There are 2 protein chains.
Amino acid sequence: MGTKQQITERISALLRDSKLSITDTRVKILELFMRSNGALEHSDFEKLAGKSFDRVTVYRTLQTFLEKGIIHKIPTTDTSVRYAVCKSECTEHHHHDHHVHFKCENCGATTCLDETDVPSIQLPKGYAMHNVEVVVNGVCKSCK
Amino acid sequence: MGTKQQITERISALLRDSKLSITDTRVKILELFMRSNGALEHSDFEKLAGKSFDRVTVYRTLQTFLEKGIIHKIPTTDTSVRYAVCKSECTEHHHHDHHVHFKCENCGATTCLDETDVPSIQLPKGYAMHNVEVVVNGVCKSCK
DNA sequence: TTTTTATTTGCAACATTGTTGCAAAATTAC
DNA sequence: GTAATTTTGCAACAATGTTGCAAATAAAAA
Ligand SMILES: [Mn+2]
Ligand SMILES: [Mn+2]
Ligand SMILES: [Zn+2]
Ligand SMILES: [Zn+2]
């Protein structure tokens, strides 16, 4: 994972590569993503960072990160929206998140199973497939 | 699909089977589900039915239908929650919605592909799988 | 480094969405 | 039919998300 210094450097590089200004808010939010081992939803930022930045700023920052391909969304069956950092192959115009997501029914954590590919799916005639989202519910490694 | 009379009769039977009182709201909401060819979200009921019933009643009705296994949720990457009617094999305690969902990027409709089974997935060691949700994004039959 | 320009942030105000308690209305049981 | 039970609508509130705009900050230019 690296020292705090290393993480900060990695984050700065990431923002620079995405042609984004390096601001306290952006660095702090990326830090939270990198320290967390699961996906985060909006309310997590207020819990984890207290009121160190405005609610509106968090919404706008997440939106920016999405557009730049720094994070991706994970589907849920409730009203929350979950986000996780993308692997390095993702770019602004092309996401490569062809992995499975796992939601633990015990601890609630949502994680990216980066090594687990989404299986191929045979759709009925007439449907064009652009991308496939897979979310597995169950009990995670640490809860078992 | 059947005449209005037949639909009403089918709905009454469904409610009776689930041991639910037959009320105007419940019948109307089930009618909307059966007439729609896609999943519905909360705001659809207000659009489709105007203000013929209260917002709170819709929330409570959908909650009841979920608990009784009459409808199921479909995961989304936004804050909306989408619902569709379950096939008859679903019961209060055991859902059998092992089918794929399709979200059309053109018309926005979400549909159940009842004939398309969810593929088997090989999880990393240590994870217990309870159920798998698959949502395919693309262009649907009618939009193509 | 200092100044200029462009971007980001925080606040206020508002819109939308979801929840709860409770009395009135409707449905079911008798 | 009446009584018991359940459901509904309303009001009030909580939580979540959006927008405009001025102040603060960061990047670019001098
Ligand atoms: Mn992921
Ligand atoms: Mn379905
Ligand atoms: Zn867990
Ligand atoms: Zn379509």
Side-chain angles (χ1 to χ4, degrees), chain A residues 8-9 11-32 39-68 70-71 73-83 92 108 110, chain B residues 8-9 11-32 39-68 70-71 73-83 92 108 110:
Chain A
T8 307
E9 192 37 58
I11 287 172
S12 300
L14 178 55
L15 288 171
R16 245 189 317 268
D17 289 351
S18 300
K19 302 192 195 332
L20 290 176
S21 323
I22 296 169
T23 69
D24 291 350
T25 310
R26 286 172 179 166
V27 171
K28 186 71 181 290
I29 286 183
L30 284 175
E31 264 179 40
L32 291 175
L40 297 175
E41 56 179 89
H42 186 274
S43 63
D44 289 328
F45 297 101
E46 294 173 57
K47 276 173 212 134
L48 293 172
K51 42 193 287 312
S52 62
F53 28 62
D54 194 75
R55 227 158 43 84
V56 178
T57 305
V58 176
Y59 282 116
R60 291 196 270 223
T61 302
L62 293 173
Q63 185 56 43
T64 302
F65 287 173
L66 271 180
E67 285 162 3
K68 292 292 187 178
I70 295 174
I71 59 176
K73 291 186 184 184
I74 301 168
T76 66
T77 51
D78 57 43
T79 52
S80 70
V81 184
R82 307 213 143 202
Y83 304 88
E92 178 160 6
T110 299
Chain B
T8 307
E9 189 40 56
I11 287 172
S12 300
L14 178 55
L15 289 171
R16 243 188 318 266
D17 289 350
S18 300
K19 303 193 194 333
L20 290 176
S21 322
I22 296 168
T23 69
D24 291 351
T25 310
R26 286 172 181 168
V27 171
K28 187 71 182 288
I29 286 183
L30 283 175
E31 265 179 41
L32 292 174
L40 297 174
E41 57 180 88
H42 187 273
S43 62
D44 290 329
F45 296 102
E46 294 171 58
K47 277 174 211 132
L48 292 172
K51 42 193 286 311
S52 62
F53 30 60
D54 194 76
R55 227 158 44 83
V56 178
T57 304
V58 176
Y59 282 115
R60 291 197 271 224
T61 302
L62 293 173
Q63 184 56 43
T64 302
F65 287 173
L66 271 180
E67 285 163 5
K68 292 292 186 177
I70 295 174
I71 60 177
K73 290 185 182 184
I74 301 168
T76 66
T77 49
D78 57 41
T79 52
S80 69
V81 185
R82 308 212 142 201
Y83 304 88
E92 179 160 4
T110 300

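Each chain gets a letter, A, B and so on, in the order its sequence line appears, and its residues count up from 1. Side chains included, hydrogens not; waters and symmetry mates left out as well; all remaining heavy atoms used. A quick note: this is a predicted structure, and the numbers were derived from the prediction, not measured.
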J.: Atom CD1 of B:I29 and atom CZ of B:F65: how far apart are they, to the nearest 0.5 Å?
T.: 6.0 Å
J.: What is the distance, rounded to the nearest whole Å, between atom CG of A:D44 and atom C1' of D:dA15?
T.: 15 Å
J.: Tell me: CG of B:L62 to P of D:dT7, nearest whole Å?
T.: 14 Å
J.: Between atom NZ in A:K28 and atom C1' in D:dT25, what is the gap in whole Å?
T.: 18 Å
J.: Could you check how far CD of A:E67 sits from C1' of C:dT7, rounded to whole Å?
T.: 14 Å
J.: May I have the distance from A:K68 (atom NZ) to C:dT8 (atom C1'), rounded to whole angstrom?
T.: 14 Å
J.: In whole Å, I'd like the distance from the CG atom of A:L15 to the P atom of C:dT7.
T.: 16 Å
J.: Strictly distance-based, threshold 3.5 Å: is any side-chain N or O of B:S21 a donor or acceptor partner for the main-chain N or O of B:T23?
T.: no
J.: Rounded to whole Å, how long is the line connecting atom CD of B:E46 with atom P of D:dG9?
T.: 12 Å
J.: To the closest 0.5 Å, what do you measure between CG (B:L32) and OH (B:Y83)?
T.: 14.5 Å
J.: What distance do B:T79 atom OG1 and A:E41 atom CD have between them, rounded to the nearest 0.5 Å?
T.: 12.0 Å
J.: Starting at atom CG of B:D54, determine the distance to atom P of D:dA12, rounded to an integer number of angstrom.
T.: 14 Å
J.: So if I define the base as every atom that isn't primed, P, OP1 or OP2, how would nucleotides 18-30 of chain C read as a B/S/- string at a heavy-atom cutoff under 4.0 Å?
T.: BBBB-----SS--
J.: Can you confirm whether more than 12 heavy atoms, excluding those of A:K47, are under 6.0 Å from its NZ atom?
T.: yes
J.: A:E9 vs A:R16, test: salt bridge (charged side-chain N to carboxylate O under 4.0 Å, His left out). Steps then yes/no.
T.: CA-CA 11 Å; A:E9 192 37 58; A:R16 245 189 317 268; 3.4 Å; yes
